[in-house]
Amino acid sequence: MEKLIIEGPSKLKGTVEISGSKNSSLPILAATALFGEEYTIKNVPRISDVHTMLLLLETLGAEFSFYSNDVHIDTRKISKWEAPYDLVKTMRASVVIWGALLGRFGKAKISLPGGCAIGDRPVDQHLKGFRALGHDTEIVSGYLESFTSNNTGGSYRFEIKTVTGTENLILASIFAKSETVLYNCASEPEVLDLINFLSSLGAKITKTGGTIKIVPVSSLSKQNEPYCVIPDRIEAGTFLALASLPGNDIEITKCAPDDLVSAIEAAESVGSVVKLGDNSISTHPADDLNSISLDTGPYPLFPTDLQAQFMSVLILAGGTSKIVENVFPNRFIHVAELRKLGAKISLDANIASIVGVRGLTRASMQASDLRASASLLIGALSASGRSEIHRVYHLDRGYESIDNKLESLGAKIWRKNE
Ligand code: EPZ
């Protein structure tokens, strides 16, 4: 295992390029299994979750190459419909292969995606949705076994907005016998990117507010041109949090500001002056940060995936800030680690109260999940002295070369074997 060593406090200056979206790449790569063809997907980040998804597809029979950020994948030889436990357990997102296999073969056997650091990751909405659309599903010794009694299409109203639940039901409905209408769907940009990818292959999908309608087709067409994945809004938001800290002067490029409205508003509330370009965000941070209140929620509300990173900003804001985590039941694991730096944070159920402090002091911290790791990194960059972050594989799941990107901004950061 590796750790990161960070010498702080850092004053970061320069331009950072945002990579392609992890949470778009994963469902789009899974979608290539829906119909046996050759596909080229561009702007795919070189992160371990993408490698896991590609390995899963290869296990099912696909062949792929991955050079720079371009994936060429041939799914014509996919013949298996079982996603094995050892791959599914490491990545919740592999659950989205379920809909693609069900759509292609009329059956799928997926290991129950385990829970993870941020809490139990239920799939009851996926289950209820598949059953409503004619796919029988049983849980048999830790596996979800789905088979299509009659891929009739139909309708389903999600009881909670779920990103991969929405993506799974779209994938399973492309080749149904009749129209499918899904209500109360997730509207994250990554869902729209999946819809755009499928539409570019001839799928007939329309989204009006939270309602998605799928008119079935009998097959998908060959790609006219490579598909380019949207920029990663959570990586961009992570650098936006970092750029909101006093003394930093960062320009974020190759991003999609329109996907980050709530995060940009949060940065401005903290005191930053934010200038937007078509694909860039420049931030001039305040010398003294304002305390604010943040509530996480489904898009377009403030993203749960940026909650930990903005907490690492608010621990230095004057006064008392409040963060309410409304999406996941256990997404404050970073709090105990930030307290090691000297942060003053108290928790009451899903509410964090943060009393700002003047400065932070180095600590040795343990990463627990992807976004919590980013929060510790931001905290370490602000703290005086040499901090360590252990189990940095969590960070590598979703951030492409983040230590190199930070080093190019002037951060004193090293990666070492534990
Ligand atoms: C996606 O996860 C993202 N992952 C997550 O990003 C993100 O935090 C999450 O959406 C919310 O925006 C990918 O897209 C690969 P959900 P997903 O189903 O789809 C509950 C990251 O760091 N729920 O939208 O698994 C669930 O427990 C990751 O990049 C049910 O109750 O999340 C949660 O409370 C972390 N039943 C809420 O809905 C279900 O059947 C939202 O979960 C499904 C979900």
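Each ligand, and each atom within it, is numbered from 1 in the order the structure gives. Reckoned from all heavy atoms, side chains included, excluding hydrogens, waters and symmetry mates.
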ask   = Does the N or O separation between Val327 and ligand 1 drop below 3.5 Å for any pair?
value = yes
message = Is the distance between the ring centroids of Phe302 and Phe310 under 6.0 Å?
response = yes
query = At what distance is the nearest protein heavy atom to atom 18 (O) of ligand 1, and which residue and atom is it?
reply = Thr162 OG1, 2.7 Å
query = Can you list the ligand 1 atoms lying under 4.0 Å from a non-hydrogen atom of Arg331?
reply = 8 (O), 22 (O), 35 (C)
Heteroatom proximity flag, Phe328 to ligand 1, N/O under 3.5 Å = no
request  = Compute both the distance and the angle, then confirm whether Arg76 meets the cation-pi test with Phe35: under 6.0 Å from the six-membered ring centre, within 45 degrees of the axis.
outcome  = no
key: Tyr85 atom OH: more than 12 heavy-atom contacts under 6.0 Å   = no
request  = Return the residue, atom name and 0.1 Å-rounded distance of the protein heavy atom closest to atom 15 (C) of ligand 1.
outcome  = Asn23 OD1, 3.3 Å
ask   = Does at least one non-hydrogen atom of Gln307 fall below 4.0 angstrom from an atom of ligand 1?
value = no
query = Of Thr164, Asp305, Thr166, Ile160, which has the heavy atom at the shortest distance from atom 38 (O) of ligand 1?
reply = Ile160
inquiry  = Please list the nearest protein heavy atom to atom 43 (C) of ligand 1 with its residue and the distance rounded to 0.1 Å.
reply    = Pro122 O, 3.4 Å
message = Keeping Ser21 on the side-chain end and Asn23 on the backbone end, is there a donor-acceptor pair under 3.5 Å?
response = yes
message = Would you say that more than 12 heavy atoms from the other residues, nucleotides or ligands in this model lie under 6.0 Å from the CD of Glu225, or not?
response = no
task = Select one of side chain, backbone, both or neither to describe which atoms of Arg371 lie under 4.0 Å from any atom of ligand 1, heavy atoms only.
result = side chain
request  = Measure the distance from atom 40 (O) of ligand 1 to every protein heavy atom, then report the residue, atom name and distance (to 0.1 Å) of the closest one.
outcome  = Gln125 N, 2.7 Å
note = heavy-atom search around atom 25 (O) of ligand 1 in the protein gives Arg92 NE, 2.7 Å
remark   = A student checking ligand 1 against Lys22 at a 4.0 Å heavy-atom cut-off should list atoms 21 (C), 29 (O)
note = The salt bridge (Lys or Arg N to Asp or Glu O under 4.0 Å) partner of Arg415 among Glu2, Glu407, Glu388 is Glu2
Atoms in ligand 1 flagged as close to Leu370, the criterion being non-hydrogen separation under 4.0 Å = 22 (O)
Spacing of CG belonging to Leu169 relative to CD1 belonging to Ile214, to within rounding of 0.5 Å = 7.5 Å
query = What residue and atom, counting heavy atoms only, is the protein's closest point to atom 24 (O) of ligand 1, and at what distance?
reply = Val163 N, 2.8 Å
message = Using a 3.5 Å cut-off on N or O atoms only, is Asp124 in polar contact with ligand 1?
response = yes
message = Under 4.0 Å from a heavy atom of Ala93: which atoms of ligand 1 are those, numbered in the order shown and with their elements?
response = 15 (C)
inquiry  = Can you confirm whether more than 12 heavy atoms, excluding those of Lys177, are under 6.0 Å from its NZ atom?
reply    = yes
request  = Check whether any heavy atom of Glu190 sits under 4.0 Å from an atom of ligand 1.
outcome  = no
request  = Validate the cation-pi geometry between Lys107 and Phe147: distance from NZ or CZ to the six-membered ring centre under 6.0 Å, angle to the ring axis within 45°.
outcome  = no
ask   = Quick check: are there more than 12 heavy atoms from other residues, nucleotides or ligands sitting under 6.0 Å from NZ of Lys207?
value = yes
Heavy-atom pair of closest approach, residues Pro45 and Ser19 = CB-CB, 4.2 Å
ask   = Among protein heavy atoms, which lies nearest atom 2 (O) of ligand 1, and at what distance?
value = Arg121 NH2, 3.6 Å
message = Quiz question: by atom type and distance under 3.5 Å, do the side chains of His72 and Glu63 form a donor-acceptor pair?
response = no
request  = Tell me which part of Glu325 gets within contact of ligand 1: side chain, backbone, both or neither, using heavy atoms under 4.0 Å.
outcome  = neither
key: Atoms of ligand 1, numbered as shown, that sit under 4.0 Å from any heavy atom of His126   = 40 (O)
